[in-house]
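This report refers to the structure that appears directly beneath it.
Chain A is the first sequence line, chain B the second, and so forth, proteins listed ahead of strands; every chain is numbered from 1.
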Amino acid sequence: MTEPVLEVEGLSIVYQTEVGTLPAVRDVSFAIAPHESFGLVGESGSGKSTLAMGAIRSLATNGRVTAGSVRLNGVDLLSVSKKELRRLWGAKIGVVYQSPLSALNPSITVGKQLAEVGELHLEMNRAEARQRAIEMLTRVAMPDPEAVMLRYPHQLSGGMLQRCVIAMSLTTNPALLILDEPTTALDVTTQAVVLDLIADLKREFDSAILYITHDLGVVTRICDTVAVMYAGETMERASLRDLFKQPLHPYTLSLLGCIPRFDPSPEKRFLATIPGTFPHLDDLPSGCVFSPRCEFVEEACRTAHPPLVEGTDGHLTGCRRWQMVSLLAEKLRGASAALPPFTTPPGDEVLAAAHDVKTYFSSYRGLIRRRRAEVKAVDDVSVDVRSGQTLGVVGESGSGKTTLIRTIAGLTPATAGVISMRGLQLASTTGKRTRDQLKDIQMVFQNPDASLNPRQSVGDAVSRPLVLLCGLSKSEARVRAQQLLAAVNLPESYDERLPEDLSGGEKQRVAIARAFAAAPGIILCDEPISSLDVSVQGALMNLLMELQREQGTSYIFISHDLSAVQHLSDWIAVVYLGRVAELGTAARVLRPPFHPYTEALLSAVPVADPDVQQRAVRLRGSVPSAMDVPSGCRFHTRCPRFLGDICAQEEPPQRENAFDHWLACHIELQELARLQEQTLMLTREAD
Amino acid sequence: MIEPNAAHAPSPMATAEVTSGRNRRASWILYWRRLKRRPATLIATIIFVGFFGLAVIGPLVAPYGYADMDMKSLLKAPSLAHLFGTDEYGRDVLSRVFVGTRNIFLLSGSGTLMAVVIGTTIGLLSGYVGGRWDEVVMRLLDVLLAFPALLLAMVLLSSVGPSNLNLVLVVTVLYIPIVARVARSMALDLRTKEFVEAARLRGERRRYVLFHEILPNAMSPLMVEASIRFSFSIFLVASLGFLGLGVQPPSADWGLQVNEARDFISVAPWTLLFPAAAIAILVIATNLMTDGLRQVLASGLDTE
């Protein structure tokens with residue numbers, strides 16, 4: 001075996017805070033060989049970023065390494081002088097952070113910032129450094145690098161910026177490249193492109209890659225070896241295939257179970273969940289840190305801290321009972337419980353409908369407010385929601401999905417079109433709607449931190465709609481609020497709490513209870529789970545499905561995450577630039593023929609299974625501005641199945657595939673189906 | 001309808017992620033710990049509280065009446081009988097400073113309070129409603145802000161005549177635009193927050209949204225602004241007193257005292273020194289306290 005590039009041994013890191021010393025990382029070891037890419041996976045708070053930053057001595061000021069050693073090409077990083085460390089940072093280590101916009105200086109051109117690296121660390125003169133910068137931009141597949149050199153960061157899209165940062169970090173051909181969630185802030189289609197790029201660069205450069213992510217799907221595209229972190233410790237470390245195919249730790253097993261799989265069968269099941277919550281660092285459980293939430297726990301797990309042992313060949317696990325885990329893994333995988341039946345079976349009648357809805361925003365230019373530019377956020381959209389069913393809406397950011405549901409809710413007035421509920425037309429703003437109409441439509445918002453009033457107790461938040469919309473007295477509402485909290489699986493004692501005492505997932509549960517309080521006919525969910533951890537996402541999806549079955553409520557569920565949408569939805573609308581590209585039942589939309597955009601979205605979703613072969617359909621660039629919508633088919637500028645002039649000039653016809661499925665494309669449905677059937681998206685080796 | 005009856009048993013698959021919710025350490029312990037680490041704030045707070053106490057009980061503990069003249073001891077230097085000395089009428093400077101504390105707290109305090117209440121209401125409404133109404137209100141307040149504060153106060157007071165009530169009203173008028181701006185910016189920020197949208201979605205009245213959803217979350221910046229306004233109005237009231245447009249003789253007022261003492265500065269500097277020092281110390285203490293408390297009372301962990 002070759003000499004490893006990075007060798008971390010027994011590293012422990014603490015943070016000094018007001019509440020005491022928090023042991024953020026405890027006794028973690030790993031090594032990365034040249035050309036190897038090593039994945040650090042974990043939920044938020046697992047210490048994965050702290051570990052990486054601690055290893056290169058780049059911690060926040062209150063962080064401190066308390067034990068262990070770190071060697072980079074044999075040099076002990078923890079004992080070198082500050083001056084030497086700075087040299088090593090520049091020449092040997094490249095770091096790419098989550099947000100490309102804050103990694104670059106907004107007032108200096110991209111080219112200057114790139115060239116600076118060459119001048120500073122490779123002792124090049126100006127012309128050489130510039131040449132090197134252009135070369136690097138070319139290698140990260142940047143279109144027209146010379147022009148990009150002259151741009152300022154705000155003039156580039158997120159995907160292009162991230163490419164610049166990657167180019168910058170690779171300029172010195174560093175021994176170690178640390179990628180800290182580099183694609184988390186990007187759209188799924190852009191993420192796919194950047195991941196392809198990283199996979200290519202991995203082959204071209206000698207750098208060892210340390211890849212930090214919370215997304216198990218992303219890991220399968222990039223990494224050779226994976227370590228799973230939990231509460232500051234390594235739970236399991238193995239090669240990618242071993243980890244996904246034969247996990248030897250209950251935590252890994254549970255995490256894999258939390259992810260919704262693409263499964264077009266109509267029978268819905270619960271996702272697996274992990275009971276309990278993430279431990280606080282100042283109050284860690286004794287024994288195994290995962291023991292309070294573990295299905296395999298036995299008495300000995302709670303008392304003695306288990307060491308990391310080698311289970312099968314080269315596969316390390318921190319579980320005492322890994323043999324049991326490996327024996328039962330297959331059984332547990334398919335064992336998620338079936339959903340309860342509907343109390344009232346969903347009907348086919350349309351509950352809520354939007355017809356030819358247009359929502360435009362005017363922006364004024366200049367002081368005198370004369371010239372107007374129109375942003376066509378939603379442009380002629382018609383969708384129906386049937387009672388007791390879920391309509392999923394997917395699309396990249398900027399596709400108008402949030403504006404659509406805000407228009408339906410009456411928070412943003414429609415420019416044109418009709419919104420109706422139970423067959424009756426609704427006024428376009430909340431102020432003009434009747435109490436019964438208001439009661440019928442509620443919303444769950446994206447950001448759990450902003451959706452609850454920080455100064456209002458949980459009980460007040462949930463009981464307020466009952467007082468206002470259902471006419472209950474304050475004390476009646478209070479009692480009822482307690483029952484609602486129980487229905488979203490929060491203890492009664494929570495009604496006195498303020499939002500700041502709740503975790504993100506708990507806040508969303510309260511928001512769901514508040515939305516259900518007045519017993520609405522439909523609840524509009526605006527990416528309610530996208531900011532939460534994988535295991536919490538699973539639990540919330542379970543809750544939403546369970547409540548739907550009990551109450552017969554309809555949902556519109558919007559998300560950029562196609563796997564979540566397909567798991568929850570009966571119907572799916574794929575929207576692009578303010579217009580519906582494809583609409584149909586979930587089963588139909590997920591089978592060919594697809595709209596080319598749907599096809600690209602599907603192929604971009606990282607699937608957490610190394611055996612799934614996805615056909616790479618990649619989109620160029622990002623969504624065009626809604627102020628300047630492309631002519632003809634809106635998608636033609638990025639379409640991988642672009643035909644020619646017809647796409648650029650004529651609006652595509654709506655082609656009916658079945659009574660419950662249509663898509664808008666110039667290509668004949670049979671032709672689309674034939675093209676897409678040839679390279680079926682998900683081909684499983686095992687099947 | 002969610003029918004949560006006694007039989008509702010959450011299914012095991014959906015119960016995940018229910019925490020016992022660790023109780024955070026009582027916040028006042030945290031505040032005290034932070035306060036201890038900021039001695040300047042601690043001392044400033046003690047001084048401020050001291051002055052406030054003096055404002056309440058000042059006349060009771062003053063050794064002499066504030067207007068009692070003693071013609072036998074004019075302009076006497078500080079001594080055991082008169083700790084701060086006496087002024088040109090033989091009045092005890094210490095007693096006048098003590099009694100003046102109450103005046104300054106009453107005048108500045110009520111002026112500030114009115115400005116905060118009215119300014120907050122105008123600002124919140126203006127920011128939340130937006131549009132043309134916002135435009136008109138804010139431009140009107142801009143006009144008020146365009147005048148130098150002291151000049152405007154002098155013009156107003158000389159036209160309506162100096163009295164305690166007018167003084168308070170002038171402080172109020174001067175500070176309304178400044179408070180309103182702060183309140184407006186908070187409303188602009190908070191009105192787009194999702195909890196406010198949730199309130200609109202259930203058809204809450206404007207008044208409820210303003211005073212139950214927005215105001216409580218704007219409280220801490222408003223409190224900070226209020227204390228800054230308070231320290232400035234101490235200055236203002238003292239300045240106006242000095243210019244003869246504030247509290248009228250023979251009342252005890254620090255600004256007035258400084259004015260009267262001007263003529264005797266070479267023979268009896270104590271008559272000027274003590275009220276001037278009182279003004280300076282109270283203003284500095286108020287500022288330091290405001291500054292520090294803002295950090296002490298901030299939410300979230302302090303990693304310093």
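Crowding of B:Arg132 atom CZ: a count of heavy atoms from other residues, nucleotides or ligands under 6.0 Å not exceeding 12. The number of heavy atoms from other shown groups lying within 6.0 Å of OH (B:Tyr208) is above 12. Heavy-atom neighbours of B:Met138 CE from other residues, nucleotides or ligands within 6.0 Å: above the threshold of 12. The 12-atom threshold is not exceeded at CZ of B:Phe52, counting heavy atoms of other residues, nucleotides or ligands nearer than 6.0 Å. Within 6.0 Å of CZ in B:Phe105 there are more than 12 heavy atoms belonging to other residues, nucleotides or ligands. Crowding of A:Arg64 atom CZ: a count of heavy atoms from other residues, nucleotides or ligands under 6.0 Å not exceeding 12.
Taking CG from A:Leu452 and CD from B:Glu194, the interatomic distance works out to 10.0 Å, rounded to the nearest 0.5 Å. Atom CZ of A:Arg514 is separated from atom CZ of B:Phe195 by 9.5 Å, given to the nearest 0.5 angstrom. Interatomic distance, A:Leu438 CG to B:Arg202 CZ, rounded to the nearest 0.5 Å: 11.0 Å. A:Arg455 CZ to B:Leu215 CG: the interatomic distance, rounded to the nearest 0.5 Å, is 10.0 Å.
For the pair A:Asn453 and B:Asn217, the minimum side-chain heavy-atom distance is below 4.5 Å.
The residues B:Glu197 and A:Arg406 are annotated as salt-bridged, a charged nitrogen and a carboxylate oxygen being separated by less than 4.0 angstrom.
The candidate from A:Met541, A:Arg464, A:Met545, A:Gln482 with the greatest count of non-hydrogen atom pairs under 4.5 Å with chain B is A:Arg464. Put simply, of A:Asp526, A:Val444, A:Leu469, the one with the most heavy-atom pairs under 4.5 Å next to chain B is A:Leu469.
At least one donor-acceptor pair under 3.5 Å links the side chain of B:Arg200 to the backbone N or O of A:Leu411.
Within the 4.5 angstrom heavy-atom criterion, only backbone atoms of A:Ile441 (N, CA, C, O) approach chain B.
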